[in-house]
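This report refers to the structure that appears directly beneath it.
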Amino acid sequence: MSKIGQYLLSVIATTLIVSISNVLIEKKGAVGSALKLVTGLVLATVIVSPWADFHIDDLEHLYFNAESEAAHHIQEGQTAARSEISAYIIEHTQAYILDKASILGLDISAVVILTNNSRQSIDSIKITGTASPYARTRLTQLICEDLGITEERLIWSQNNG
Amino acid sequence: MKRLITLILLIVLLSMPVSAMEFNAPTAPESAEHFLPDSSTSFSQDLWYIIKKAISALYPSIAESAGTCVTVVIIVMLISLLEGFKGISAKAVDLGGIIAVSTALLSPSNALISVGVQTVEAMSEYGKLLLPVMTAALAAEGGSITSTALYTGTVLFNSVLTIGITKLLIPMLYAYIALSVGKAAMDEKVLCNLHSFSKWLITWTLKISIYIFTGYLGITGVISGTADAAAVKAAKLAISGSVPVIGSIMSDASETILVSAGIMKNAAGTYGLLAILATWIGPFLQIGIQYLTLKVTGAVSGVFGCKRVVELIDSFCVAMGILVAMTGTMCLLLLISTVCFMKGVG
């Protein structure tokens, strides 16, 4: 409030000086008019003086700050959404594999690994468990066809039955 | 013992959030908390609750404003009475009356200006906490371009308006009041011109800032919203066009996350809207009551003559109107941007 007090004081003091000078120079013709103009300008300058503290550079700085903050918050939101999507894909793909495995009478566990890029496609699948050669071939075929991955990216680590 | 440990573990597991993605609105400022309902029912009911609470908390302000109003009317009556006596200078009576009315009105006006400044700052601070949540939620929903434009614009305007109000317009409002007193006391032409100029400058600044802000939101909303909608559509098409099973899983995942992000964003936005309104409504009614009582005081005082004193009362009334406009502009800015965030992609 001290700044406001200072400002008010300067406005009131200038107003008083201008008013007194206006009374004194009231009937002085052209010189009087010119002086009135000057005092009027001085008063107007004092009144709008807080605006002088406002610089366009500050605005630019604020804008770039806001933009970099926005990028940071967007990154946070997208990361949260991506990790949620990844969890969903992993969970449902695992459920799909286990469902197919149970139809084939297999007791396995599957770990789905997604790619690190933004597309979030399946990078590889690690299957652990016991499977007969037929069941293993059949499951591999199903997974490759339905989940769109190559045989090389399907890693079996099992005790073959 | 084993059962107890299992039970505790189960409770801990159950209390954990199901989703890792959470977008919660920040808690409302302290001044707004007692206006907000304990549990949310619907937006309209919550809004009604806030209004009822704010009105019920208004009685002390009404009593205070009425007290000031009565004091001023009594002063005006005394001036009118004294002006009727012969031998007493009308100018001296008027000047005495102006000083008395100014003294009576300055203190409550000063207190309300402080309330206005605090409200603007509280809303601005709350906006700075709410906007990142809304930005992240909108980005999770696929509106990264929209959220960049909205966040950047709102934060910029929020900062500019807060600095503008606290550092430029509030000093000018004080200057306006000082000029009103000077104008009433001296009836000087220069003072009259400066008095109307300062009022024009404050109202013009507020109007222009809200026009520019809504214009900015309108233009960027159309451009970025279309770009985001196209990007989301393209992503969906790319996913559904891939391998059948995994394509459908990925499509479902994307759809589910978009919907849940949207739900969380709207819940946070709704709470945010209520919190902003709850922060604003108390001071708004308080200043509004002062504005209305000053209007009534001006009208009643007009009956007794005393033109210059009535003009002074009207100027104080205008100052309160400007204060309402300042808090209202800040509130409107945050409400508009929150609604734009809630509208989201498309």
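Order of the sequence lines sets the chain letters (A, B, ...), proteins ahead of strands, with each chain counted from 1.
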Handout entry: Side chain / backbone / both / neither for A:Y96 at chain B, heavy atoms under 4.5 Å
Key = side chain
Exercise for the section: With a 4.5 angstrom heavy-atom cut-off, could you sort out which part of B:A178 is near chain A: side chain, backbone, both or neither? Expected result: side chain
Exercise for the section: Answer with side chain, backbone, both or neither: which region of B:T256 has an atom nearer than 4.5 Å to a non-hydrogen atom of chain A? Expected result: side chain
Fill in the blank from the handout: Closest non-hydrogen atoms of B:S254 and A:I85, given as atom of the first, atom of the second and distance, are CA-CD1, 4.2 Å
Completion exercise
Rounded to the nearest 0.5 Å, the CD atom of A:E84 sits from the CD1 atom of B:I257 at a distance of 4.5 Å
Practice task
Please look at B:L150 and chain A and tell me whether the side chain, the backbone, both or neither of the residue comes under 4.5 angstrom of a heavy atom of that chain.
Solution key: neither
Practice task
Please identify each residue that fulfils side chain to side chain donor-acceptor pair (under 3.5 Å) with A:Q94, with sequence neighbours left out.
Solution key: none
Problem - Options A:A70, A:S49, A:A71, ranked by heavy-atom pairs under 4.5 Å with chain B, top entry - result: A:A70
Exercise for the section: Counting only heavy atoms closer than 4.5 Å, note whether A:E91 contacts chain B via side chain, backbone, both or neither. Expected result: neither
Handout entry: Residue B:L173 versus chain A: region with a heavy atom under 4.5 Å
Key = neither
Fill in the blank from the handout: Okay, B:L179 and chain A: the region with an atom under 4.5 Å from a heavy atom over there is side chain
Fill in the blank from the handout: Correct closest heavy-atom pair for A:G77 and B:A140 would be O-CB, 3.5 Å
Problem - When A:E76, A:H92, A:E69 are compared by non-hydrogen pairs under 4.5 Å with chain B, the top option - result: A:E69
